[in-house]
Amino acid sequence: MEQKLKIYNTLKRKKQKFEPINPPFVGLYVCGPTVYGDAHLGHARPAVIFDLLYRYLKYLGYKVRYVRNLTDVGHLENDADEGEDKIAKKARLEELEPMEIAQRYINAYHKNMRQLNTIEPNIEPQASGHIPEQIKMVEQILEQGFAYEKNGSVYFDVEKYSEKYDYGKLSGRVVEDLKSNTRDLQGQTEKKNPFDFALWKKAEPEHIMRWDSEWSNGFPGWHLECSVMSTKYLGEQFDIHGGGLDLQFPHHECEIAQSTAATGNEAVKYWMHNNMITIDGQKMSKSLGNFIKLDEMFSGEHKLLEQAFNPQVVRFFMLQAHYRKPLDFSNKALKASEKGLNRLMEAMRVLEKLEPGKRSTVDISGIKEKCFTALNDDLNTPILIAHLFDGVKIINSVKAGKEALSKDDLTNLRALYSDLVYDVLGLTPEEEKANTQGNTEQLMQLLLKLRAKAKKNKDFETADAIRNELNELGINVKDTPDGAEWSMD
RNA sequence: GGUCGCGUGGCCGAGCGGUUAGGCAGUGGUCUGCAAAACCAUGUACAGCGGUUCGAAUCCGCUCGCGACCUCCA
């Protein structure tokens with residue numbers, strides 16, 4: 001395995017050669033979703049990008065452990081419906097269990113992830129399942145003197161920490177600036193400094209998810225789970241930590257601080273951040289309410305959508321842009337991706353059927369290298385895809401008889417495209433739906449034979465009627481020099 | 001306000017000092033009964049103004065516009 005992969009490390013603000021701590025093993029941790037809502041388009045980006053990274057690392061021969069958490073410890077609150085009969089609500093099963101809500105969204109998330117053809121992580125830990133470990137880390141940080149307790153809550157002492165370590169190294173913040181720029185918010189009177197963050201929070205009555213600890217009945221702070229679960233499953237030092245750019249500060253900065261404060265060691269070697277999906281140039285987010293749920297993308301049921309886009313199109317759309325650039329949603333852009341993807345996948349089918357020539361009339365030796373150069377350059381999938389389309393031209397020319405490929409070249413090209421398109425980019429081949437129904441093929445051949453006969457007799461009315469009605473059934477017929485072909489949507 | 005980033009042809013989107021990015025759309029052609037697909041050909045792009053350089057979309061400065069983070073957020 002020749003190692004040329006470079007990735008952009010947010011920590012160093014530059015591309016770096018990827019060198020795992022303990023090759024061939026690679027530890028990869030990615031911040032997953034908060035499971036109190038349906039997944040939207042924005043959630044799909046890190047899922048697809050880090051799935052791509054995972055696939056590529058495996059392709060390169062690394063033994064990767066991919067951990068992606070589920071945040072199920074949040075600010076879930078009771079809505080306290082005043083009008084309802086409180087006594088009736090006491091019935092255990094009539095009240096929604098917090099875990100029931102989380103489970104519902106976890107199930108939905110998993111479904112969406114499968115649709116996007118992402119490989120499931122090796123471990124998908126839930127914050128609620130790691131409360132004892134989180135409590136232990138709070139204790140460790142307290143022991144090291146980088147936290148303080150106040151009224152049952154425990155806060156991280158940023159000022160103390162920054163005397164010894166560099167708080168802000170990931171996000172580029174300076175503690176002095178934070179001091180002057182952080183506004184005083186409500187409920188922060190317990191903190192020594194406004195930029196201190198909670199490690200353990202005493203629960204207010206409306207908080208549903210709560211656990212006992214030596215400090216109070218409460219819940220762990222927002223940033224703690226990732227520090228705890230990443231080091232639990234990947235070790236105190238591991239290779240790659242990924243997540244959305246919006247998590248860089250404070251979430252990831254706090255993670256660094258927590259891990260460093262607890263163990264004295266920084267946990268993560270490479271930090272990778274995907275940029276945001278925007279809509280009309282603005283970040284798609286829950287708080288802005290301008291997001292499109294993945295289910296809506298796939299069904300087309302959203303006021304901004306002119307049509308449904310299948311998950312593969314959404315995946316391809318994201319791969320056509322570089323992961324560190326913002327990507328703006330629009331129907332036009334998605335439609336262009338849909339067409340492009342169809343063209344690529346059509347070429348994949350053509351490639352399988354190509355007959356080898358005596359010798360090659362085109363040089364394909366450079367394609368492979370170009371493709372991997374692009375991938376190795378911080379996962380530059382837009383460039384990779386551009387090269388793949390160059391190959392599509394060649395494939396089509398061979399099919400048209402204008403060019404030829406030797407047997408070896410054809411074999412190599414097939415292997416390359418299969419590796420890149422299916423295995424690395426994670427685009428799925430069209431299933432052979434046609435053959436699932438036993439004698440469909442024979443029936444189709446019968447119809448096409450009748451249609452060919454009609455055409456021969458210049459009975460185009462009948463020929464077109466057959467084609468149009470098949471079309472309505474989702475079957476496309478196209479005439480080629482070698483006779484008619486058919487395919488299903 | 002502080003910190004960071006971006007502004008590329010009709011749309012999306014690469015590019016990191018000198019060579020065609022690519023996709024979609026458009027136009028002309030080949031093929032076709034018609035479609036579709038495919039193939040061939042086809043575009044005075046780099047926010048503006050200065051500067052550095054033999055040479056800048058690419059480096060520097062300023063101006064304008066947009067966005068992200070600083071609060072839960074992928």
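Here is how names work: the chains are called A, B, and so on, in the same order as the sequence lines, proteins then strands, and each is numbered from 1. Any value given below was found using the heavy atoms of this structure, including those in side chains, with hydrogens, waters and symmetry copies removed.
Aromatic rings from Tyr233(A) and His130(A) are positioned such that their centres are separated by under 6.0 Å.
Ring geometry for Phe18(A) against Tyr270(A) counts as tilted: the plane angle lies between 30° and 60°, on a 0 to 90° scale. Ring planes of Tyr66(A) and Tyr54(A): tilted class, angle from 30 to 60°.
Between Arg467(A) and rA36(B), a side-chain N or O to OP1/OP2 separation shorter than 4.0 Å is absent. For the OP1/OP2 pair of rG5(B) and a distance below 4.0 Å, the side-chain nitrogens and oxygens of Arg324(A) include no atom meeting the criterion. Distances shorter than 4.0 Å separate none of the side-chain N or O atoms of Lys332(A) from OP1 or OP2 on rG10(B).
rU30(B) and rA38(B) make up a base pair, with Watson-Crick or G-U wobble contacts both under 3.5 Å. Nucleotide rC59(B) forms a pair with rG51(B), judged by Watson-Crick or G-U wobble geometry with both contacts under 3.5 Å. The partner of rG7(B), taking Watson-Crick or G-U wobble pairs whose two distances both stay under 3.5 Å, is rC64(B). In this structure, rC69(B) and rG2(B) make a Watson-Crick or G-U wobble pair, each of the two defining distances being under 3.5 angstrom.
Contact annotation for Leu247(A): backbone-only contact, meaning every heavy-atom pair under 4.0 Å involves sugar-phosphate atoms and none involves a base. Among the atoms of the strands shown, base atoms are found under 4.0 Å from some heavy atom of Lys478(A). Looking at heavy-atom distances under 4.0 Å, Pro33(A) makes contact with sugar-phosphate atoms alone, never a base.
Spacing of C1' atoms, rU20(B) relative to rC72(B), comes out at 47 Å, to the nearest Å.
A pairwise comparison of heavy atoms in Asn331(A) and Glu306(A) identifies OD1-N, 2.8 Å as the closest pair.
Put simply, Phe389(A) does not rest on the base of rG22(B): the two rings are not both less than 5.5 Å apart at their centres and under 30° in tilt.
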